[in-house]
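Here is the naming used below: chain letters follow the sequence lines, and residue numbers restart at 1 for every chain. Since the structure is predicted, the reported quantities are computational estimates derived from the model, not experimental observations.
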Amino acid sequence: MALHLFNTLTQRVDDFTPSDGHTVRMYTCGPTVYNYAHIGNLRTFTFQDLLRRWLRSHGWQLDHVMNITDVEDKIIRNAAAEGKTIFEYTDGYTKAFLEDAARLRLERPERIAKATDHIREMAGLIGQLSAKGYTYTSDGSVYYRISNFPGYGKLSHSDFGGIRPGARVDVDEYEKDDARDFVLWKAAKSGEPSWDTCVGNGRPGWHIECSAMAMKYLGETLDIHAGGIDLVFPHHENEIAQSEAVTGKPFARFWVHSEHLFVESKKMSKSAGNFYTLRELEAMGHAPETIRYLLLSVPYRQKLNFTMDGLKAAATSIARLRGFALRLKTDRLGDGRDEAMTSRTAEARKAFDAALDDDLNSAAALGAIFEYVRDANSALDAAAFLSGNATEALALLDRFDSVFDVLRPTSEGGLSDAEIEKRIAERTQAKKARDFERADSIRAALLETGVILEDTKDGVRWKRK
RNA sequence: GGCGCGGUAGCCAAGUGGUAAGGCCAAGGUCUGCAAAACCUUUAUUCGUCGGUUCGAUUCCGACCCGCGCCUCCA
């Protein structure tokens, strides 16, 4: 089955296949490290992780580059306010971002590229643009002249010809020839970091780093370029203008953009008090995989309403899936396999794959899994589920978890398995002696430490909360 | 003003020209020493509103209402 992806460039769902048939060359816009990542940033990166994993499940290799923007206005301002160099300032947030990503089980891209490590490449690209007549200089800064690039606007599907009534124009940028022109290289200012390069002393504009780093590592035409929806304009539009003016080739075949999220039905903002970082949510007692589940449960092109109720529902949903997995491993099943169940499992897998192939429809994929879980639980109750079926069911759950990755609990310490087994044995003795009071108090004590007991016909089953 | 997105049960949410997946929550039941888990039943004659096309529309078209995004830094 073919993977279909919505391409912002064509405004259609198109069949995706890597251009060389086996390796997907993907570039994603990573964080600007001037603060901790908030839950909205993390939605974008969690979606990109889903995309990565699903591409791999098609058997393709990945060559994925993510940038870290570590030089930019806010960074310079904040670092100065704290009396730090930009490097001292961004190091901590870069590290924090990588930690958050790991907590959320985001696979590490094949390459993480920092802007400040690629100043030379950026300057080189600007030099090429100048040689081809796409730039002009004003007060020592270098600007891109968009009127020289006929394709400008093709990604955001905007017509930039003529007057734009109502559009707000930054009045500070009076030195530009046209309001749409953007800066490639900013002339050095005292008190700001700067680099001495072939295009002068200064620092790069925002957009040039992605063009330079993407082409350096992945070539002139990427298979996929992804980012948040807000980057379509101007960031990605400008990347296209920079890259294609130099190469004359399409910069990326597929442009994939994820929607933003709301928190408690409101736009996230610091003043609204609904601006969450992963650390804050974890401190409130939410497991990282619960957050991951909620972020993945709504298809990426839909706005996602991130709520505390939603987190609670996500945690319960995960518990249901874990309960099913545990049951598959602990129920005593008859030998062989039930053919009807075997084909039901195959059907579920097909539905799961088809949903993700359909532009990463994660909600439909979850639907396929839960429908299956109900059917399988019924069959288990009815003893119409044999050991061979359990093997197949666990394989399906593995496939599910190879992309969703929520079944493994984040370990938090607590009692060892042996200690838990010992308490359970004590409780079983008490039950045999019909000392239910003691049995119940052992169960309650274990629950206090986060261990849940379930009595089944096949004995006691336990799990960590 | 320009361009674009969304409005499906209490909440989240999929979906299709042929009569509404799934999850959470809630109520009742089966099972159980009690729980828990699991299962069963109930929960939208209806998909923002009003028209149109059609044998038939939630799904297509039009108008309108509501919420939101981008056009300026932004995941």
Are any of [X]'s side-chain N or O atoms less than 4.0 Å away from OP1 or OP2 of [N]?
{"X": "A/N361", "N": "B/G15", "answer": "yes"}
{"X": "A/R374", "N": "B/A38", "answer": "no"}
{"X": "A/R443", "N": "B/G33", "answer": "no"}

Q. Relative to the ring of A/F324, is the ring of A/Y372 parallel (under 30°), tilted (30 to 60°) or perpendicular (over 60°)?
A. perpendicular
Nearest to the side chain of [X] - [options]?
{"X": "A/R327", "options": "B/A38, B/A75, B/C25", "value": "B/A38"}
{"X": "A/N377", "options": "B/A13, B/C39, B/C70", "value": "B/C39"}
{"X": "A/I452", "options": "B/A36, B/G23, B/A21", "value": "B/A36"}
{"X": "A/K303", "options": "B/C5, B/C34, B/A75", "value": "B/C5"}
{"X": "A/W206", "options": "B/C39, B/C74, B/C34", "value": "B/C74"}
{"X": "A/F262", "options": "B/A13, B/C68, B/C40", "value": "B/C68"}
{"X": "A/K463", "options": "B/A37, B/A14, B/A35", "value": "B/A37"}
{"X": "A/S378", "options": "B/A75, B/C40, B/G33", "value": "B/C40"}
{"X": "A/F370", "options": "B/G22, B/A36, B/C24", "value": "B/G22"}
{"X": "A/N41", "options": "B/C71, B/A75, B/C39", "value": "B/A75"}

(Q) Walk me through whether A/H235 and A/E239 qualify under side-chain hydrogen bond (donor to acceptor under 3.5 Å, both in side chains). (A) CA-CA 6 Å; A/H235 185 53; A/E239 285 186 42; 2.8 Å; yes
Determine which nucleotide pairs with [N], using a 3.5 Å limit on both distances of a Watson-Crick or G-U wobble pair.
{"N": "B/C55", "value": "B/G18"}
{"N": "B/C34", "value": "none"}
{"N": "B/G1", "value": "B/C71"}
{"N": "B/U41", "value": "B/A27"}
{"N": "B/C64", "value": "B/G48"}

Q.
Should A/H260 be counted as stacked on B/A75, where stacking needs a ring-centre gap under 5.5 Å and an angle between planes under 30 degrees?
A. yes
Q) Is the ring of A/F436 stacked on the base of B/G33, with centres less than 5.5 Å apart and planes under 30° off? A) yes
How far, in whole Å, is [M] from [N] if one measures between their [atom1] atoms?
{"N": "B/U59", "M": "B/G18", "atom1": "P", "value": "12 Å"}
{"N": "B/U46", "M": "B/G15", "atom1": "C1'", "value": "14 Å"}
{"N": "B/A13", "M": "B/C34", "atom1": "P", "value": "40 Å"}

Q) What integer distance in Å separates A/L366:CG from B/G15:C1'? A) 15 Å
Q. Rounded to the Å, how far apart are A/L155 CG and B/G4 P?
A. 14 Å
Q: Give a yes-or-no answer on whether the side chains of A/Y89 and A/D70 include a donor-acceptor pair shorter than 3.5 Å.
A: no
Q) Any donor-acceptor pair under 3.5 Å between the side chain of A/D455 and the base of B/C34? A) yes
Q | All pairs passing salt bridge (charged side-chain N to carboxylate O under 4.0 Å, His left out) where residues 287-298 of chain A contributes a residue, at least two apart | A | A/D49-A/R292, A/R105-A/E289, A/E289-A/R322
Q. Taking the nucleotide of RNA chain B with the closest heavy atom to each, which residue, A/Q48 or A/D309, is nearer the 5' end?
A. A/D309
**Q.** side chain to side chain donor-acceptor pair (under 3.5 Å) partners of A/T8, counting only residues at least two apart
**A.** A/H257
Q) Which atom names give the shortest non-hydrogen contact between A/L396 and A/A348, and what distance separates them? A) CD2-CB, 3.9 Å
